[in-house]
Protein chains: 2
Amino acid sequence: MSIKYAILGYLSWRPLSGYDLKKLIADSVAFHWTGNNSQIYTTLVDLHREGLVTQELQPQEHYPTRKVYTITERGRADLRTWLAMMPELPQLRNGFLTQLAWADCLTAPELDALLAKYETEVQMQLLMCREQARRGSVSPARTPREGNLWRMLAENRIGFYEHEVAWAQRVRRELAAGAGEAGGAATPSTGGGTE
Amino acid sequence: MSIKYAILGYLSWRPLSGYDLKKLIADSVAFHWTGNNSQIYTTLVDLHREGLVTQELQPQEHYPTRKVYTITERGRADLRTWLAMMPELPQLRNGFLTQLAWADCLTAPELDALLAKYETEVQMQLLMCREQARRGSVSPARTPREGNLWRMLAENRIGFYEHEVAWAQRVRRELAAGAGEAGGAATPSTGGGTE
DNA sequence: CAGATCATGTAACTGGTTACATGATTCA
DNA sequence: TGAATCATGTAACCAGTTACATGATCTG
């Protein structure tokens with residue numbers, strides 16, 4: 001349950017409503033979630049039941065009542081123990097790589113189009129990341145160190161996308177080169193055996 | 001449904017049983033799945049019902065009957081249309097980054113330990129990737145181009161892990177440097193506003 | 001003899017996604 | 001007037017994970 005700690009994290013910064021959280025999480029490229037308010041609301045209910053947050057009702061004149069959640073001491077403790085624990089490995093579940101793995105049945109132009117599409121798509125993400133990094137975005141920079149951490153997180157994402165773009169370009173170049181001398185003899189199959 | 005196409009992909013290579021597929025998918029760093037035979041068996045049943053694969057029973061003397069699945073023309077067509085379609089963006093759901101985002105409540109040594117752990121863990125993955133790349137591994141290199149593709153997929157993964165290790169090291173260095181001049185005045189909070 | 005390998009599966013659960021429902025208010 | 005924003009939620013679904021069940025046979 002990763003979103004649990006994303007929420008707890010934000011609440012460790014300051015009290016927030018479900019609606020606030022939804023915006024923060026959706027807007028931030030950091031944990032790029034999908035639309036997904038539902039999960040946030042239900043998770044908040046769970047957190048409340050577990051006593052990790054408290055709920056305060058803030059009735060408003062012209063809008064529905066806000067439910068503002070505040071992290072408790074137990075909540076902070078829970079967050080802290082999770083933090084100190086095992087660093088989860090990044091699970092590189094990249095659908096596109098699965099696609100490429102079986103893309104040999106496409107024609108050369110089709111394959112290149114696919115890679116080109118991927119390249120521009122990733123480039124777009126990259127631009128958004130850069131843009132968000134440029135204007136320091138919504139980071140709680142409570143200490144200089146926290147500011148640094150968030151900057152380095154942004155760098156990580158940017159670096160990832162840069163790597164991905166560069167890789168896609170290299171693949172396209174190499175495939176184009178390979179196609180030039182195609183037909184039969186040249187570029188002997190580097191690939192390994194059949195297990 | 002990504003595993004559907006991972007399976008269909010392997011079957012486009014050659015007929016396989018659920019057990020074969022489990023090993024191929026589990027062993028390959030490419031789509032690093034978890035243990036997970038269950039999903040494979042159930043997906044095969046679905047594929048069979050959809051007419052994308054055919055099933056052949058191969059009774060054996062001393063072992064349980066193998067159920068060997070062969071991709072059909074419709075299966076190949078399905079795979080092909082999926083391939084040519086939208087390249088899925090990589091969803092960078094890296095739990096560790098979420099951890100770091102809220103790690104400012106850890107002490108400097110705790111934080112460094114966390115990063116060090118991450119670094120070695122990723123390095124381990126990197127070694128495995130390199131090792132598997134070195135001995136051409138289980139890739140169907142039906143054409144020179146397919147061999148190249150799989151090589152480049154391996155490069156992608158290796159590059160990712162290399163980037164991750166280098167980044168972790170840089171973060172540790174910078175945090176160490178920041179800690180030296182800590183206390184108050186130095187390194188002004190680069191972080192942005194509160195939206 | 002213990003543990004891995006061969007080979008099949010079922011059931012329950014978790015985490016995330018999509019779609020839907022409601023209703024006032026502000027802005028173009 | 002129609003769309004976006006504020007603000008709450010429910011229900012169904014999908015993909016992936018964990019744990020469990022069975023049983024022979026081969027390997028150390």
Side-chain angles (χ1 to χ4, degrees), chain A residues 1-8 15-27 30-50 53 55-69 82 86 88-95 98 195, chain B residues 1-8 15-27 30-50 53 55-69 82 86 88-95 98 195:
Chain A
M1 193 185 271
S2 191
I3 206 179
K4 170 180 170 184
Y5 291 103
I7 288 175
L8 232 36
L16 293 162
S17 71
Y19 192 72
D20 297 331
L21 281 162
K22 181 204 140 196
K23 277 192 303 176
L24 282 168
I25 291 175
D27 289 8
F31 343 75
H32 43 46
W33 244 262
T34 45
N36 212 10
N37 50 344
S38 40
Q39 209 187 349
I40 290 170
Y41 286 117
T42 50
T43 307
L44 280 170
V45 170
D46 292 349
L47 289 175
H48 189 221
R49 205 175 37 217
E50 292 176 56
V53 300
Q55 191 194 56
E56 190 204 349
L57 296 175
Q58 289 186 347
Q60 302 175 113
E61 289 245 354
H62 299 300
Y63 290 107
T65 300
R66 279 168 59 85
K67 293 185 181 174
V68 177
Y69 294 90
W82 177 72
M86 43 81 230
E88 297 175 22
L89 287 208
Q91 50 167 7
L92 192 35
R93 173 96 79 260
N94 188 337
T98 315
E195 189 172 11
Chain B
M1 192 185 271
S2 190
I3 206 180
K4 169 181 170 183
Y5 291 103
I7 288 176
L8 231 37
L16 293 161
S17 70
Y19 192 72
D20 297 331
L21 282 162
K22 181 203 140 197
K23 276 192 303 174
L24 282 169
I25 291 175
D27 289 9
F31 344 74
H32 42 47
W33 245 263
T34 45
N36 211 13
N37 50 342
S38 39
Q39 209 187 348
I40 290 170
Y41 286 118
T42 51
T43 306
L44 281 171
V45 170
D46 292 350
L47 290 175
H48 189 221
R49 205 175 37 217
E50 293 176 55
V53 300
Q55 191 194 57
E56 191 203 350
L57 297 175
Q58 288 185 349
Q60 302 175 114
E61 289 246 352
H62 301 300
Y63 291 107
T65 300
R66 279 167 59 86
K67 293 185 180 174
V68 177
Y69 294 90
W82 176 72
M86 43 80 230
E88 297 176 22
L89 288 207
Q91 50 167 4
L92 193 35
R93 174 95 79 259
N94 187 339
T98 314
E195 189 173 15

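Lettering of chains follows the sequences in order, A, B, ..., and the numbering in each one begins at 1. Note that the structure is a prediction, hence the values are computed from the model and not measured.
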Dump every N/O contact between nucleotides 26-28 of chain D and the protein below 3.5 Å, one line per pair.
none

Parallel, tilted or perpendicular: rings of B:Tyr69 and B:His48 (30°, 60°): perpendicular
Using residues 57-68 of chain A as the side-chain source, report each donor-acceptor pair under 3.5 Å to any protein atom, sequence neighbours left out, with the distance given to one decimal.
{"from": "A:Gln60", "atom 1": "NE2", "to": "A:Pro64", "atom 2": "O", "distance (Å)": "2.9"}
{"from": "A:Arg66", "atom 1": "NH2", "to": "A:Asp20", "atom 2": "OD2", "distance (Å)": "3.0"}

All salt bridge (Lys or Arg N to Asp or Glu O under 4.0 Å) counterparts of B:Glu50, not counting sequence neighbours: B:Lys4
Derivation and outcome, side-chain contact (heavy atoms from CB on, under 4.5 Å), residues A:Leu21 and A:Leu44: CA-CA 10 Å; A:Leu21 281 162; A:Leu44 280 170; 4.0 Å; yes
A:Asp20 CG to D:dG9 P, straight-line distance once rounded to whole Å: 13 Å
Whole-Å distance separating the CD1 atom of A:Ile25 from the P atom of C:dG15: 15 Å
Minimal non-hydrogen separation, A:Pro90 against B:Asn94, with atom names: CB-ND2, 3.4 Å
A:Tyr19 side-chain proximity, nearest of D:dT5, C:dA7, C:dG9: D:dT5
Heavy-atom closest pair, residues A:Tyr41 and A:Tyr19: OH-N, 3.7 Å
Length of the line joining A:Lys23:NZ and D:dA7:C1', which is rounded to integer Å: 10 Å
Between C:dT17 (P) and A:Tyr41 (OH): distance, integer Å: 17 Å
Residue-phosphate contact under 4.0 Å: B:Lys22 side-chain N/O, C:dC6 OP1/OP2: no
Contact summary for B:Gln39 and B:Asn36, nearest pair of heavy atoms: OE1-ND2, 2.6 Å
Closest non-hydrogen atom pair, B:Ile40 against B:Gly18: CG2-O, 3.9 Å
Gap between atoms CG and P, on A:Leu16 and D:dA7 respectively (whole Å): 12 Å
Test side chain to side chain donor-acceptor pair (under 3.5 Å) applied to A:Glu88 - qualifying residues, sequence neighbours left out: none
Length of the line joining A:Leu24:CG and D:dC6:P, which is rounded to integer Å: 12 Å
Closest non-hydrogen atom pair, A:Ile25 against A:Trp33: CG2-CB, 3.8 Å
Global bending angle along the helix from C:dC1-D:dG28 to C:dA28-D:dT1, which compares the axes of five pairs at either end, to 10 degrees: 40°
Spacing between B:Leu21 atom CG and C:dG9 atom P, to the nearest angstrom: 12 Å
Approximate separation, where rounding is to 0.5 Å, of A:Ile3 CD1 and A:Thr43 OG1: 5.5 Å
Per-nucleotide protein contact string for nucleotides 11-22 of chain D (B base, S sugar-phosphate only, - none; heavy atom under 4.0 Å): B---SBBB----
Nucleotide D:dC6, atom P - distance to CD of A:Gln60 in whole Å: 11 Å
